[in-house]
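In what follows, a single structure is set out as structure tokens and then discussed.
Residues: numbered from 1 along the sequence shown.
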Amino acid sequence: MKTNLLLLALLGGTATAAHAQTAIPAGTVSLGGNVGYYRHTQAQQISIGQTGESVSSQFQLAPSVGYFVADNLAVGLNLSYTATKNTYTSPFSNNLSNLTPSITFRSGAYVQYYKMLTDQFGLVGTFGAGYQYNRTTNIYGPAGNMSAAENKQQGYYASLTPGIVYFPIPKLGISATVGNLAYSRLKETPNSNERITTDFGASFGLSQLQFGGTWYFGR
């Protein structure tokens, strides 16, 4: 009987220790962010022996701070800055290569849940929502007489982002995501223009790849 009780106590202590190692405890403060970069170049044939080239590049930076209200469950605030630049050059065009990048700025709150599979590796899901501002530079017109125009919009967004996280040490987490399920609503400014754009859908792929690093104070 004493042997059985001792075995149960050891098993209970082992389970408690495992939970303590894998869980991110309530009261932990996280400080980190994500960064991503993507570039795509495409050659376009205009006529025999003549080609043009379009280049699209994007950079994103998103710092965040969070607080764990329960084990593995955090709430927090984040900012996001995305710059996208599209250029087009050809022998017959006016080569719009010095355009102001299109930018998107977001500010919002998030809820984040961690599912630790081992002491060092886990899954993480993030739901976020907030305000967004968008300034887009559009290229239009025929190849020899292209023009650019700015368009400004503001509105709100919501997104659900799955990801993975790896802890080389208990206080440092390295994360990766490849897209999200998102909703966006934007209204052109000034307000006299009532054009509203809404988008909803899933966007996943290597072009959406982002890496992040987070430091967990109190873990």
Quiz prompt | CD on Q112 to OG on S64, rounded to 0.5 Å | solution = 7.0 Å

Practice problem: Decide whether L117 and Y166 are clustered together by the hydrophobic rule: side chain heavy atoms of Ile, Leu, Val, Met, Phe, Trp, Tyr closer than 4.5 Å, transitively. | Solution: no

Quiz item: Same hydrophobic cluster for L31 and V35, using side-chain heavy-atom links shorter than 4.5 Å among ILVMFWY?
Solution: no

Quiz item: Heavy-atom distance under 4.5 Å between the side chains of P168 and I174, does that happen here?
Solution: yes

Exercise. Determine whether W215 and V29 make a side-chain contact, defined as any pair of heavy atoms from C-beta on separated by less than 4.5 Å.
Key: no

Exercise. State, yes or no, whether a side-chain contact exists between S175 and N34 at a heavy-atom distance under 4.5 Å.
Key: yes

Practice problem: Supply the atom-to-atom distance Q58 CD to K85 NZ, rounded to the nearest 0.5 angstrom. | Solution: 14.5 Å

Practice problem: Show your reasoning for whether side-chain contact (heavy atoms from CB on, under 4.5 Å) applies to R185 and I196. | Solution: CA-CA 7 Å; R185 185 182 188 276; I196 296 175; 3.1 Å; yes

Self-check item: Any residue meeting side chain to side chain contact (heavy atoms under 4.5 Å, CB included) with Q208, in chain and number order, not counting sequence neighbours
Solution: S203

Practice problem: Treating Ile, Leu, Val, Met, Phe, Trp and Tyr as nodes and any side-chain heavy-atom pair under 4.5 angstrom as an edge, say whether V111 and V69 lie in one connected cluster. | Solution: yes

Quiz item: Y131: what forms a side-chain hydrogen bond (donor to acceptor under 3.5 Å, both in side chains) with it, not counting sequence neighbours?
Solution: Q154

Quiz prompt | Closest heavy-atom pair and its distance - F204, L181 | solution = CZ-N, 4.3 Å

Quiz item: Taking the side chain as C-beta and beyond, is there a heavy-atom pair between N151 and E188 under 4.5 Å?
Solution: yes

Exercise. Return the minimal non-hydrogen interatomic distance between Y157 and S107, and the atom names on each side.
Key: OH-C, 4.1 Å

Quiz item: Just how far is it from atom OG1 of T104 to atom CZ of R135, taken to the nearest 0.5 Å?
Solution: 10.0 Å

Exercise. Could you pull out all residues at least two apart from A26 that satisfy side chain to side chain contact (heavy atoms under 4.5 Å, CB included)?
Key: D71

Quiz item: Hey, mind stepping through Y114 and V165 against side-chain contact (heavy atoms from CB on, under 4.5 Å) and telling me if it holds?
Solution: CA-CA 9 Å; Y114 291 73; V165 62; 4.1 Å; yes

Quiz item: Roughly how far apart are L186 CG and Y156 OH, rounded to 0.5 Å?
Solution: 10.0 Å

Exercise. Using modelled atom types only, decide if a donor and an acceptor are shared between the side chain of R219 and the backbone of P170 within a distance under 3.5 Å.
Key: yes

Exercise. Consider only side-chain heavy atoms of I, L, V, M, F, W and Y, link residues closer than 4.5 Å, and tell whether Y67 and L73 are in one cluster.
Key: yes

Quiz item: Are L79 and V65 connected in the hydrophobic side-chain network, where two residues link if heavy atoms are under 4.5 Å apart?
Solution: no

Quiz item: Is F127 close to Y113 at the side-chain level, that is, under 4.5 Å between some pair of heavy atoms?
Solution: no

Self-check item: Set of residues satisfying side-chain hydrogen bond (donor to acceptor under 3.5 Å, both in side chains) with respect to T177, sequence neighbours excluded
Solution: none

Exercise. Any chance you could measure I103, atom CD1, to Y133, atom OH, to the nearest 0.5 Å?
Key: 6.0 Å

Quiz prompt | Nearest-0.5 Å distance that lies between atom CG in N134 and atom OG1 in T84 | solution = 8.5 Å

Quiz item: Residues in side chain to side chain contact (heavy atoms under 4.5 Å, CB included) with N180, at least two apart?
Solution: S159, T161, A182

Quiz item: With side chains defined as the heavy atoms from C-beta onward, is the minimum distance between Y183 and T198 less than 4.5 Å?
Solution: yes

Practice problem: Please list, chain by chain and in numerical order, all residues satisfying side chain to side chain contact (heavy atoms under 4.5 Å, CB included) with T214, sequence neighbours excluded. | Solution: S30, Y216

Quiz prompt | Minimum side-chain heavy-atom gap K171-F217 below 4.5 Å | solution = no

Quiz item: Would F121 and F167 count as a close aromatic pair, with their ring centres under 6.0 Å?
Solution: no

